[in-house]
Amino acid sequence: MTFDGRAPGTPASVWSDDPRFRDLPALALRRTGRTVVVAAHPDDETLGAGGILAELADAGCPAEVVIVSDGSASHPGSPTLDADAMAGRRWTEVVDAVHLLSPDSPITMLGHTDGGLREVRDAVEDDLRALLTDGPPVDQLVTTWRGDGHRDHRVVGEVCATLADELGCTLLEYPVWLWHWGTPDDDRVPWDRLRVVELSDRSVVRKHRAVAAHATQVAPLSPDPHDAATLHPAFLRSFDRDVEVVVAQDPARPTLRGEFFDATYGRHDDPWGYTDRWYEERKRALTLAALPDPRYGHVLEIGCGIGVLTAELAQRADRLLAVDVSVAAVERARTRVSALPQVRVEVADVADAVPVGSFDLVVLSEVGYYLDRATLSRVLGDLRARLAPGGTLLACHWRHPVEAYPLSGDDVHRVLRRTTDLTLLAEHREKDLLLEVYGDDARSVAQRTGLA
(Lines give C-alpha, C1' and ligand atoms only; values in the text may rest on other atoms or scores of the structure.)
Protein backbone atom coordinates (compact mmCIF):
# COMPACT_ATOMS: atom_id res chain seq x y z
CA MET A 1 0.00 0.00 0.00
CA THR A 2 1.27 3.48 -0.87
CA PHE A 3 -0.20 6.89 -0.07
CA ASP A 4 1.01 10.45 0.26
CA GLY A 5 -0.06 12.58 3.20
CA ARG A 6 0.50 15.70 1.10
CA ALA A 7 -2.50 14.63 -0.98
CA PRO A 8 -6.00 15.28 0.39
CA GLY A 9 -7.02 11.62 0.54
CA THR A 10 -10.62 10.57 1.20
CA PRO A 11 -12.72 13.60 2.19
CA ALA A 12 -13.61 13.60 5.88
CA SER A 13 -17.28 14.05 4.95
CA VAL A 14 -17.30 10.70 3.14
CA TRP A 15 -16.63 9.05 6.50
CA SER A 16 -18.82 11.24 8.68
CA ASP A 17 -21.81 10.99 6.32
CA ASP A 18 -21.75 7.20 6.28
CA PRO A 19 -24.50 5.83 8.59
CA ARG A 20 -22.14 3.14 9.88
CA PHE A 21 -19.80 5.86 11.13
CA ARG A 22 -22.59 7.89 12.69
CA ASP A 23 -23.89 4.83 14.54
CA LEU A 24 -20.57 3.53 15.87
CA PRO A 25 -20.88 2.20 19.42
CA ALA A 26 -19.38 4.34 22.16
CA LEU A 27 -16.49 3.11 24.22
CA ALA A 28 -16.61 3.70 27.95
CA LEU A 29 -13.00 4.90 28.24
CA ARG A 30 -11.26 3.70 31.38
CA ARG A 31 -10.45 6.85 33.35
CA THR A 32 -8.66 5.26 36.29
CA GLY A 33 -5.43 3.31 36.68
CA ARG A 34 -2.38 3.51 34.43
CA THR A 35 -2.80 4.32 30.74
CA VAL A 36 0.12 4.43 28.30
CA VAL A 37 -0.29 5.99 24.84
CA VAL A 38 2.29 4.69 22.35
CA ALA A 39 2.89 6.49 19.04
CA ALA A 40 4.97 5.29 16.11
CA HIS A 41 5.89 8.89 15.16
CA PRO A 42 5.74 12.32 16.74
CA ASP A 43 2.21 13.64 15.95
CA ASP A 44 0.50 10.21 15.93
CA GLU A 45 -0.23 10.68 19.64
CA THR A 46 -2.10 13.90 18.87
CA LEU A 47 -3.85 12.91 15.64
CA GLY A 48 -5.04 9.52 16.84
CA ALA A 49 -5.28 9.84 20.62
CA GLY A 50 -5.17 13.55 21.45
CA GLY A 51 -8.76 13.55 22.62
CA ILE A 52 -8.14 10.53 24.83
CA LEU A 53 -5.14 12.28 26.38
CA ALA A 54 -7.27 15.35 27.09
CA GLU A 55 -10.16 13.33 28.54
CA LEU A 56 -7.85 11.40 30.86
CA ALA A 57 -6.16 14.60 31.98
CA ASP A 58 -9.53 16.11 32.89
CA ALA A 59 -10.39 12.94 34.79
CA GLY A 60 -7.30 13.47 36.94
CA CYS A 61 -5.58 10.41 35.52
CA PRO A 62 -3.05 11.65 32.92
CA ALA A 63 -1.64 9.04 30.56
CA GLU A 64 2.02 8.41 29.87
CA VAL A 65 3.13 9.14 26.30
CA VAL A 66 5.78 7.12 24.45
CA ILE A 67 7.07 8.08 20.98
CA VAL A 68 8.92 5.20 19.32
CA SER A 69 10.62 6.87 16.32
CA ASP A 70 12.47 10.17 16.11
CA GLY A 71 10.40 11.59 13.23
CA SER A 72 13.53 12.49 11.29
CA ALA A 73 12.37 11.19 7.89
CA SER A 74 9.32 13.42 7.36
CA HIS A 75 11.05 15.80 4.89
CA PRO A 76 13.69 13.93 2.87
CA GLY A 77 15.79 16.35 0.85
CA SER A 78 14.75 19.37 2.89
CA PRO A 79 17.14 22.32 2.37
CA THR A 80 15.98 23.77 5.69
CA LEU A 81 16.37 20.97 8.24
CA ASP A 82 18.60 17.92 8.08
CA ALA A 83 17.55 14.67 9.78
CA ASP A 84 19.08 15.53 13.15
CA ALA A 85 17.60 19.01 13.20
CA MET A 86 14.22 17.61 12.17
CA ALA A 87 14.29 15.06 15.01
CA GLY A 88 15.05 17.84 17.48
CA ARG A 89 12.26 20.03 16.15
CA ARG A 90 9.74 17.22 16.29
CA TRP A 91 10.64 16.40 19.89
CA THR A 92 9.91 20.02 20.79
CA GLU A 93 6.60 19.83 18.94
CA VAL A 94 5.57 16.68 20.83
CA VAL A 95 6.32 18.35 24.16
CA ASP A 96 4.28 21.41 23.19
CA ALA A 97 1.35 19.36 21.85
CA VAL A 98 1.14 16.99 24.80
CA HIS A 99 1.42 19.92 27.21
CA LEU A 100 -1.68 21.42 25.58
CA LEU A 101 -3.56 18.13 25.86
CA SER A 102 -2.36 16.79 29.19
CA PRO A 103 0.16 18.98 31.02
CA ASP A 104 1.08 16.33 33.60
CA SER A 105 1.71 13.49 31.14
CA PRO A 106 5.32 12.24 31.15
CA ILE A 107 6.79 11.83 27.65
CA THR A 108 9.41 9.30 26.56
CA MET A 109 11.06 9.44 23.14
CA LEU A 110 12.68 6.08 22.33
CA GLY A 111 14.52 7.62 19.37
CA HIS A 112 14.43 4.77 16.86
CA THR A 113 14.95 5.69 13.21
CA ASP A 114 11.85 6.99 11.48
CA GLY A 115 10.77 4.58 8.74
CA GLY A 116 13.04 1.79 9.99
CA LEU A 117 11.11 0.22 12.85
CA ARG A 118 10.71 -3.12 11.09
CA GLU A 119 14.49 -3.51 11.02
CA VAL A 120 14.77 -2.90 14.79
CA ARG A 121 11.56 -4.58 15.85
CA ASP A 122 13.19 -6.63 18.62
CA ALA A 123 14.79 -3.53 20.10
CA VAL A 124 11.44 -1.70 19.98
CA GLU A 125 9.78 -4.58 21.81
CA ASP A 126 12.52 -4.69 24.44
CA ASP A 127 12.31 -0.94 25.03
CA LEU A 128 8.53 -0.96 25.36
CA ARG A 129 8.50 -4.02 27.59
CA ALA A 130 10.99 -2.40 29.94
CA LEU A 131 8.97 0.80 30.08
CA LEU A 132 5.60 -0.89 30.55
CA THR A 133 6.80 -3.22 33.30
CA ASP A 134 8.47 -0.40 35.23
CA GLY A 135 6.00 0.88 37.79
CA PRO A 136 2.36 0.01 38.50
CA PRO A 137 0.56 -2.47 36.22
CA VAL A 138 -0.65 -1.02 32.94
CA ASP A 139 -4.44 -1.04 32.78
CA GLN A 140 -4.91 0.42 29.29
CA LEU A 141 -2.50 0.49 26.35
CA VAL A 142 -3.41 2.84 23.48
CA THR A 143 -1.38 2.58 20.28
CA THR A 144 -1.32 2.86 16.50
CA TRP A 145 -3.57 0.46 14.60
CA ARG A 146 -1.89 -2.56 13.03
CA GLY A 147 -3.94 -2.20 9.85
CA ASP A 148 -3.16 1.48 9.28
CA GLY A 149 -1.14 0.90 6.12
CA HIS A 150 2.14 2.42 7.33
CA ARG A 151 4.71 -0.19 8.21
CA ASP A 152 5.96 1.70 11.28
CA HIS A 153 2.38 1.83 12.56
CA ARG A 154 1.98 -1.88 11.90
CA VAL A 155 5.17 -2.81 13.74
CA VAL A 156 4.32 -0.69 16.79
CA GLY A 157 0.74 -1.97 16.83
CA GLU A 158 1.84 -5.60 16.61
CA VAL A 159 4.44 -5.17 19.35
CA CYS A 160 1.92 -3.48 21.62
CA ALA A 161 -0.65 -6.22 20.96
CA THR A 162 1.91 -8.81 22.06
CA LEU A 163 2.75 -6.84 25.18
CA ALA A 164 -0.91 -6.23 26.02
CA ASP A 165 -1.44 -10.01 25.98
CA GLU A 166 1.56 -10.48 28.26
CA LEU A 167 0.44 -7.78 30.67
CA GLY A 168 -3.25 -8.64 30.59
CA CYS A 169 -4.29 -5.03 29.92
CA THR A 170 -6.88 -3.47 27.63
CA LEU A 171 -5.60 -2.70 24.13
CA LEU A 172 -7.01 0.15 22.05
CA GLU A 173 -5.61 0.94 18.60
CA TYR A 174 -6.14 4.26 16.86
CA PRO A 175 -6.25 4.59 13.06
CA VAL A 176 -4.49 7.54 11.45
CA TRP A 177 -3.89 6.76 7.79
CA LEU A 178 -7.06 4.68 7.38
CA TRP A 179 -8.99 7.95 6.98
CA HIS A 180 -6.66 8.92 4.11
CA TRP A 181 -6.38 5.79 1.95
CA GLY A 182 -9.57 4.01 2.98
CA THR A 183 -13.21 4.45 2.10
CA PRO A 184 -16.22 3.26 4.10
CA ASP A 185 -16.81 0.36 1.69
CA ASP A 186 -13.22 -0.90 1.83
CA ASP A 187 -13.15 -4.50 3.09
CA ARG A 188 -10.19 -3.63 5.33
CA VAL A 189 -12.25 -1.27 7.52
CA PRO A 190 -12.91 -3.16 10.80
CA TRP A 191 -16.45 -1.85 11.26
CA ASP A 192 -17.28 -4.55 13.81
CA ARG A 193 -14.50 -3.38 16.13
CA LEU A 194 -14.59 0.39 15.63
CA ARG A 195 -15.69 2.36 18.69
CA VAL A 196 -15.93 6.06 19.43
CA VAL A 197 -14.75 7.92 22.50
CA GLU A 198 -17.04 10.90 23.04
CA LEU A 199 -15.02 14.11 23.51
CA SER A 200 -16.00 17.17 25.49
CA ASP A 201 -15.94 20.53 23.71
CA ARG A 202 -12.90 21.39 25.81
CA SER A 203 -11.06 18.29 24.56
CA VAL A 204 -11.95 19.06 20.93
CA VAL A 205 -10.52 22.57 21.21
CA ARG A 206 -7.32 21.36 22.89
CA LYS A 207 -6.80 18.69 20.26
CA HIS A 208 -7.22 21.24 17.48
CA ARG A 209 -4.54 23.42 19.08
CA ALA A 210 -2.25 20.44 19.67
CA VAL A 211 -2.43 19.44 16.00
CA ALA A 212 -1.33 22.96 15.08
CA ALA A 213 1.63 22.60 17.47
CA HIS A 214 3.10 20.01 15.08
CA ALA A 215 4.15 22.86 12.82
CA THR A 216 6.64 20.91 10.69
CA GLN A 217 3.83 18.58 9.64
CA VAL A 218 0.96 20.99 9.06
CA ALA A 219 2.76 23.99 7.54
CA PRO A 220 5.57 24.32 4.96
CA LEU A 221 9.10 24.86 6.22
CA SER A 222 9.92 27.01 3.18
CA PRO A 223 8.69 27.52 -0.41
CA ASP A 224 10.91 24.65 -1.57
CA PRO A 225 8.80 21.61 -2.64
CA HIS A 226 10.86 19.38 -0.32
CA ASP A 227 9.66 21.51 2.59
CA ALA A 228 5.93 21.17 1.88
CA ALA A 229 3.61 20.28 4.78
CA THR A 230 3.38 16.52 5.13
CA LEU A 231 -0.31 16.56 6.12
CA HIS A 232 -2.84 18.04 3.71
CA PRO A 233 -5.43 20.38 5.30
CA ALA A 234 -8.26 18.26 3.88
CA PHE A 235 -6.78 15.17 5.53
CA LEU A 236 -6.44 17.00 8.86
CA ARG A 237 -10.20 17.58 8.89
CA SER A 238 -10.55 13.87 9.63
CA PHE A 239 -9.17 14.62 13.10
CA ASP A 240 -11.34 17.63 13.83
CA ARG A 241 -14.20 15.56 15.23
CA ASP A 242 -16.13 15.48 18.48
CA VAL A 243 -15.29 11.80 18.82
CA GLU A 244 -12.09 9.82 18.61
CA VAL A 245 -12.21 6.46 16.84
CA VAL A 246 -10.39 3.39 18.13
CA VAL A 247 -10.23 -0.27 17.20
CA ALA A 248 -11.24 -2.32 20.24
CA GLN A 249 -10.60 -5.97 20.91
CA ASP A 250 -13.76 -6.58 22.94
CA PRO A 251 -17.26 -6.70 21.44
CA ALA A 252 -19.40 -3.60 21.84
CA ARG A 253 -21.65 -3.52 24.86
CA PRO A 254 -25.21 -3.73 23.56
CA THR A 255 -28.27 -2.00 24.99
CA LEU A 256 -29.21 -3.65 28.28
CA ARG A 257 -32.62 -5.31 28.19
CA GLY A 258 -35.26 -6.31 30.71
CA GLU A 259 -33.65 -9.63 31.57
CA PHE A 260 -30.61 -7.83 33.00
CA PHE A 261 -32.75 -5.69 35.31
CA ASP A 262 -35.15 -8.46 36.31
CA ALA A 263 -32.16 -10.55 37.36
CA THR A 264 -30.82 -7.59 39.37
CA TYR A 265 -34.16 -7.04 41.10
CA GLY A 266 -34.37 -10.77 41.70
CA ARG A 267 -31.28 -10.52 43.91
CA HIS A 268 -32.22 -7.32 45.78
CA ASP A 269 -35.48 -5.55 46.60
CA ASP A 270 -33.77 -2.16 46.21
CA PRO A 271 -30.50 -2.83 44.34
CA TRP A 272 -29.51 0.82 43.92
CA GLY A 273 -30.43 1.91 47.45
CA TYR A 274 -33.13 4.36 46.39
CA THR A 275 -34.87 4.20 49.76
CA ASP A 276 -31.98 4.34 52.22
CA ARG A 277 -29.03 6.19 50.66
CA TRP A 278 -28.52 9.88 51.36
CA TYR A 279 -26.94 10.18 47.91
CA GLU A 280 -30.23 9.13 46.29
CA GLU A 281 -32.37 11.33 48.56
CA ARG A 282 -30.19 14.34 47.83
CA LYS A 283 -30.23 13.63 44.08
CA ARG A 284 -34.04 13.54 44.08
CA ALA A 285 -34.09 16.90 45.86
CA LEU A 286 -31.73 18.34 43.24
CA THR A 287 -33.89 16.91 40.46
CA LEU A 288 -37.09 18.42 41.77
CA ALA A 289 -35.45 21.77 42.56
CA ALA A 290 -34.05 22.03 39.02
CA LEU A 291 -37.46 21.87 37.34
CA PRO A 292 -38.36 25.35 36.05
CA ASP A 293 -42.13 25.11 36.58
CA PRO A 294 -44.01 24.36 39.80
CA ARG A 295 -46.43 21.97 38.13
CA TYR A 296 -46.78 19.98 34.90
CA GLY A 297 -49.78 18.63 33.08
CA HIS A 298 -48.56 15.34 31.63
CA VAL A 299 -45.23 13.85 32.77
CA LEU A 300 -43.27 10.93 31.35
CA GLU A 301 -40.65 9.25 33.56
CA ILE A 302 -38.31 6.86 31.74
CA GLY A 303 -36.77 4.11 33.89
CA CYS A 304 -38.82 4.62 37.04
CA GLY A 305 -37.30 1.66 38.92
CA ILE A 306 -39.22 0.93 42.12
CA GLY A 307 -41.00 4.29 41.96
CA VAL A 308 -39.28 6.39 44.64
CA LEU A 309 -38.74 9.42 42.41
CA THR A 310 -42.09 8.68 40.78
CA ALA A 311 -43.93 9.32 44.04
CA GLU A 312 -42.25 12.71 44.45
CA LEU A 313 -42.76 13.75 40.83
CA ALA A 314 -46.44 12.91 41.22
CA GLN A 315 -46.84 15.79 43.67
CA ARG A 316 -46.13 18.18 40.79
CA ALA A 317 -48.04 16.41 38.00
CA ASP A 318 -51.66 16.25 36.90
CA ARG A 319 -50.88 12.97 35.15
CA LEU A 320 -47.72 10.89 35.25
CA LEU A 321 -46.78 7.91 33.12
CA ALA A 322 -43.83 6.03 34.63
CA VAL A 323 -42.26 3.22 32.60
CA ASP A 324 -39.51 0.71 33.21
CA VAL A 325 -38.11 -2.22 31.27
CA SER A 326 -38.19 -4.51 34.32
CA VAL A 327 -41.40 -6.34 35.22
CA ALA A 328 -40.18 -6.77 38.81
CA ALA A 329 -39.45 -3.04 39.19
CA VAL A 330 -42.84 -2.06 37.78
CA GLU A 331 -44.64 -4.34 40.24
CA ARG A 332 -42.86 -2.68 43.17
CA ALA A 333 -43.43 0.81 41.76
CA ARG A 334 -47.15 0.14 41.39
CA THR A 335 -47.37 -0.88 45.02
CA ARG A 336 -45.50 2.26 46.09
CA VAL A 337 -47.79 4.69 44.18
CA SER A 338 -51.05 2.77 44.53
CA ALA A 339 -52.62 5.65 46.47
CA LEU A 340 -51.80 8.19 43.76
CA PRO A 341 -54.58 8.07 41.13
CA GLN A 342 -52.76 10.43 38.76
CA VAL A 343 -49.93 7.92 38.29
CA ARG A 344 -49.83 5.03 35.83
CA VAL A 345 -46.88 2.61 35.82
CA GLU A 346 -46.26 0.41 32.80
CA VAL A 347 -43.67 -2.03 31.47
CA ALA A 348 -42.04 -0.48 28.39
CA ASP A 349 -38.67 -0.62 26.70
CA VAL A 350 -37.89 2.71 25.06
CA ALA A 351 -35.21 0.97 23.00
CA ASP A 352 -38.13 -0.56 21.10
CA ALA A 353 -40.59 2.33 21.21
CA VAL A 354 -41.11 5.54 23.16
CA PRO A 355 -44.61 5.77 24.74
CA VAL A 356 -47.16 7.57 22.63
CA GLY A 357 -48.45 10.92 23.86
CA SER A 358 -47.64 14.57 24.30
CA PHE A 359 -45.68 15.30 27.47
CA ASP A 360 -45.01 18.58 29.24
CA LEU A 361 -42.11 17.07 31.16
CA VAL A 362 -39.85 14.12 30.31
CA VAL A 363 -37.52 12.79 33.01
CA LEU A 364 -34.58 10.64 31.92
CA SER A 365 -32.84 9.82 35.19
CA GLU A 366 -30.12 7.17 35.46
CA VAL A 367 -31.21 5.32 32.33
CA GLY A 368 -29.49 6.76 29.26
CA TYR A 369 -26.24 4.83 29.76
CA TYR A 370 -28.09 1.52 29.47
CA LEU A 371 -28.57 2.26 25.75
CA ASP A 372 -25.94 2.01 23.06
CA ARG A 373 -25.05 5.24 21.27
CA ALA A 374 -27.18 4.71 18.17
CA THR A 375 -30.22 3.66 20.22
CA LEU A 376 -29.83 6.61 22.58
CA SER A 377 -29.70 9.06 19.66
CA ARG A 378 -32.89 7.58 18.23
CA VAL A 379 -34.67 7.56 21.60
CA LEU A 380 -33.74 11.18 22.26
CA GLY A 381 -35.12 12.13 18.87
CA ASP A 382 -38.37 10.31 19.62
CA LEU A 383 -38.64 11.95 23.05
CA ARG A 384 -38.16 15.36 21.45
CA ALA A 385 -41.03 14.60 19.10
CA ARG A 386 -43.23 13.68 22.09
CA LEU A 387 -42.42 16.88 24.00
CA ALA A 388 -45.33 19.34 24.06
CA PRO A 389 -44.74 22.95 22.98
CA GLY A 390 -42.99 24.74 25.82
CA GLY A 391 -42.10 21.42 27.44
CA THR A 392 -39.13 20.44 29.60
CA LEU A 393 -36.66 17.55 29.43
CA LEU A 394 -34.56 16.67 32.48
CA ALA A 395 -31.60 14.27 32.32
CA CYS A 396 -29.55 13.15 35.33
CA HIS A 397 -26.80 10.51 35.36
CA TRP A 398 -24.07 8.97 37.50
CA ARG A 399 -20.63 10.02 36.23
CA HIS A 400 -18.43 7.18 37.44
CA PRO A 401 -17.67 4.39 34.92
CA VAL A 402 -19.57 1.11 35.13
CA GLU A 403 -18.02 -1.72 33.15
CA ALA A 404 -21.31 -3.33 32.14
CA TYR A 405 -22.93 -0.20 30.69
CA PRO A 406 -22.66 0.71 26.99
CA LEU A 407 -22.10 4.41 27.81
CA SER A 408 -20.90 6.60 30.63
CA GLY A 409 -23.09 9.30 32.14
CA ASP A 410 -20.97 12.00 30.49
CA ASP A 411 -21.38 10.22 27.14
CA VAL A 412 -25.16 10.37 27.53
CA HIS A 413 -25.14 14.12 28.09
CA ARG A 414 -22.75 14.74 25.20
CA VAL A 415 -25.09 12.88 22.85
CA LEU A 416 -28.02 14.86 24.23
CA ARG A 417 -26.28 18.22 23.81
CA ARG A 418 -25.28 17.42 20.25
CA THR A 419 -28.65 16.12 19.09
CA THR A 420 -31.20 18.44 20.71
CA ASP A 421 -32.52 21.80 19.58
CA LEU A 422 -33.81 22.54 23.08
CA THR A 423 -32.34 25.34 25.22
CA LEU A 424 -30.18 24.41 28.19
CA LEU A 425 -31.98 25.97 31.16
CA ALA A 426 -30.01 24.58 34.10
CA GLU A 427 -26.94 22.48 34.77
CA HIS A 428 -25.63 20.92 37.97
CA ARG A 429 -22.27 19.19 37.65
CA GLU A 430 -20.28 17.48 40.38
CA LYS A 431 -17.90 14.57 40.60
CA ASP A 432 -20.68 12.02 41.09
CA LEU A 433 -23.50 13.23 38.86
CA LEU A 434 -24.48 15.49 36.01
CA LEU A 435 -27.97 16.99 35.88
CA GLU A 436 -29.20 19.08 32.96
CA VAL A 437 -32.57 20.65 32.20
CA TYR A 438 -33.56 21.55 28.63
CA GLY A 439 -36.65 23.41 27.55
CA ASP A 440 -38.69 24.29 24.51
CA ASP A 441 -39.42 27.51 26.43
CA ALA A 442 -36.11 29.41 26.73
CA ARG A 443 -37.31 31.72 29.52
CA SER A 444 -35.64 31.52 32.93
CA VAL A 445 -37.58 30.87 36.13
CA ALA A 446 -37.51 34.58 36.95
CA GLN A 447 -38.85 35.42 33.51
CA ARG A 448 -41.58 32.80 33.78
CA THR A 449 -42.73 34.20 37.10
CA GLY A 450 -42.57 37.88 36.15
CA LEU A 451 -39.49 38.77 38.20
CA ALA A 452 -37.30 39.62 35.24
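Taking CG from Asp411 and OG from Ser200, the interatomic distance works out to 11.0 Å, rounded to the nearest 0.5 Å. We find the CG-NE2 distance between Leu47 and His41 to be 11.5 Å, quoted to the nearest 0.5 Å. Summarising the geometry, atom CD belonging to Glu436 is positioned 10.5 Å from atom OG1 belonging to Thr420; distances are rounded to the nearest 0.5 Å. The CG atom of Asp242 sits 10.5 Å away from atom NZ of Lys207, with the distance rounded to the nearest 0.5 Å. Annotation: the span from Leu393 atom CG to Phe359 atom CZ amounts to 12.0 Å, rounded to 0.5 Å. To the nearest 0.5 angstrom, Ser105 atom OG is 10.5 Å from Glu45 atom CD.
The shortest distance between side-chain heavy atoms of Leu300 and Asp360 does not fall below 4.5 Å. Counting heavy atoms from C-beta outward, Leu387 and Leu383 have side chains that stay 4.5 Å or more apart. Between Thr133 and Leu163 there is no side-chain heavy-atom pair separated by less than 4.5 Å. A heavy-atom distance below 4.5 Å is found between the side chains of Val218 and Leu236. Between Val95 and Ile107 there is a side-chain heavy-atom pair separated by less than 4.5 Å. In this structure, the side chains of Leu194 and Val189 come closer than 4.5 Å at one or more pairs of heavy atoms. A 4.5 Å side-chain heavy-atom check between Leu132 and Leu167 finds at least one atom pair inside the cut-off. Between Gln140 and Cys169 there is no side-chain heavy-atom pair separated by less than 4.5 Å.
Ion pair Asp440/Arg384 flagged as a salt bridge, since at least one NZ, NE, NH1 or NH2 atom sits closer than 4.0 Å to an Asp/Glu carboxylate oxygen. At a threshold of 4.0 Å, the pair Asp352-Arg257 counts as salt-bridged, since one of the basic side-chain nitrogens sits closer than that to a carboxylate oxygen. Ion pairing between Arg118 and Glu158 fails under the 4.0 Å rule for side-chain N and carboxylate O. The pair Arg206-Asp201 does not count as a salt bridge, with every side-chain nitrogen at least 4.0 angstrom from each carboxylate oxygen. A salt bridge links Asp43 with Arg90: the distance from a Lys NZ or Arg NE/NH1/NH2 to an Asp or Glu carboxylate oxygen falls below 4.0 Å. The residues Arg284 and Glu281 are annotated as not salt-bridged, no charged nitrogen and carboxylate oxygen being separated by less than 4.0 angstrom.
Summarising the geometry of Pro190 relative to Val247, their closest heavy-atom pair is CG-CG2, 4.1 Å, with the distance given to 0.1 Å. When every heavy atom of Ala63 is checked against every heavy atom of Leu53, the shortest pair comes out as CB-CD2, 3.8 Å. Closest of all the heavy-atom pairs between Cys61 and Gly33 is SG-O, 2.8 Å. The shortest non-hydrogen separation linking Arg373 to Phe21 is NH1-O, 4.4 Å. For the residue pair Pro355 and Val350, the shortest heavy atom distance occurs at CD-CG1, 4.1 Å. In this structure, Ala54 and Ser203 approach most closely via the heavy-atom pair CB-OG, 3.5 Å.
The ring-ring contact (aromatic ring centres under 6.0 Å, His included) search around Tyr405 returns Tyr369, Tyr370, not counting sequence neighbours. By the ring-ring contact (aromatic ring centres under 6.0 Å, His included) test, Tyr279 pairs with Trp398, sequence neighbours left out. Legend: residues meeting salt bridge (charged side-chain N to carboxylate O under 4.0 Å, His left out) with Arg277, ordered by chain and number and at least two apart, are absent. Remark: Ser365 pairs with Leu309, Val363, Cys396 by the side-chain contact (heavy atoms from CB on, under 4.5 Å) rule, at least two apart or across chains. Not counting sequence neighbours, His214 has no partner by the ring-ring contact (aromatic ring centres under 6.0 Å, His included) test.
Asp44 and His153 are linked by a side-chain donor-acceptor pair at a separation below 3.5 angstrom, with hydrogens and angles left out of the test. A donor and an acceptor atom, one from each side chain of Asp372 and Thr255, are located under 3.5 Å apart. Inspection of the Asp4 and His180 side chains reveals no N or O donor paired with an N or O acceptor under 3.5 Å. With no hydrogens or angles considered, no side-chain donor-acceptor pair links Glu366 and His397 at under 3.5 Å. A donor-acceptor contact closer than 3.5 angstrom is absent between the side chains of Thr183 and Asp186. Residues Thr108 and Glu64 have side chains that never bring a donor and an acceptor to within less than 3.5 angstrom of each other. Between the side chains of Ser222 and Asp224, no donor-acceptor pair of N or O atoms lies under 3.5 Å. Of the N and O atoms on the side chains of Thr230 and Gln217, at least one donor lies less than 3.5 Å from an acceptor on the other residue. Residues His150 and Asp148 bring no donor and acceptor atom of their side chains to less than 3.5 Å of each other.
Under the 3.5 Å distance criterion, the side-chain polar atoms of Asp152 are matched with a main-chain donor or acceptor of Gly115. Put simply, the side chain of Thr375 never gets that close to the backbone of Leu371: no donor and acceptor are under 3.5 Å apart.
In the displayed structure, His400 atom NE2 is contacted under 6.0 Å by more than 12 heavy atoms of other residues, nucleotides or ligands. Counting non-hydrogen atoms of other residues, nucleotides and ligands closer than 6.0 Å to CZ of Arg89 gives a total of 12 or fewer. More than 12 heavy-atom neighbours from other residues, nucleotides or ligands sit within 6.0 angstrom of CZ on Arg121. Environment of NE2 in His232: crowded, with over 12 heavy atoms of neighbouring residues, nucleotides or ligands closer than 6.0 Å.
Taking the six-membered ring where the residue is Trp, Trp15 and Trp179 present perpendicular rings, their angle passing 60° and hence far from 30°.
The residue from Arg399, Arg31, Lys431 that alone fulfils the salt bridge (charged side-chain N to carboxylate O under 4.0 Å, His left out) condition with Asp410 is Arg399. Residue Glu198 forms a salt bridge (charged side-chain N to carboxylate O under 4.0 Å, His left out) with just one option from Arg418, Arg241, Arg414, and that option is Arg418. Of the residues listed (Val65, Asp104, Ile67), the one engaging Val98 in a side chain to side chain contact (heavy atoms under 4.5 Å, CB included) is Val65, and it is the only one.
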Apply the test side chain to side chain contact (heavy atoms under 4.5 Å, CB included) to residues Thr216 and Leu221: give CA-CA distance (whole Å), side-chain angles for both, the deciding distance (0.1 Å), then the verdict.
CA-CA 6 Å; Thr216 59; Leu221 303 176; 3.9 Å; yes

Using side-chain hydrogen bond (donor to acceptor under 3.5 Å, both in side chains), reason through Asp227 and Thr80 one step at a time and then give a plain yes or no.
CA-CA 7 Å; Asp227 279 346; Thr80 305; 2.4 Å; yes

For a side chain to side chain contact (heavy atoms under 4.5 Å, CB included) check, start with the C-alpha distance between Leu29 and Val246, then their side-chain angles and the critical distance, and finish with the verdict.
CA-CA 11 Å; Leu29 181 69; Val246 295; over 6 Å; no

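When ring centroids are compared, Trp177 and Phe235 come within the 6.0 Å threshold.
Pairs engaging residues 53-106 under the ring pair (Phe, Tyr, Trp, His ring centres under 6.0 Å) rule: none recorded [sequence neighbours left out].
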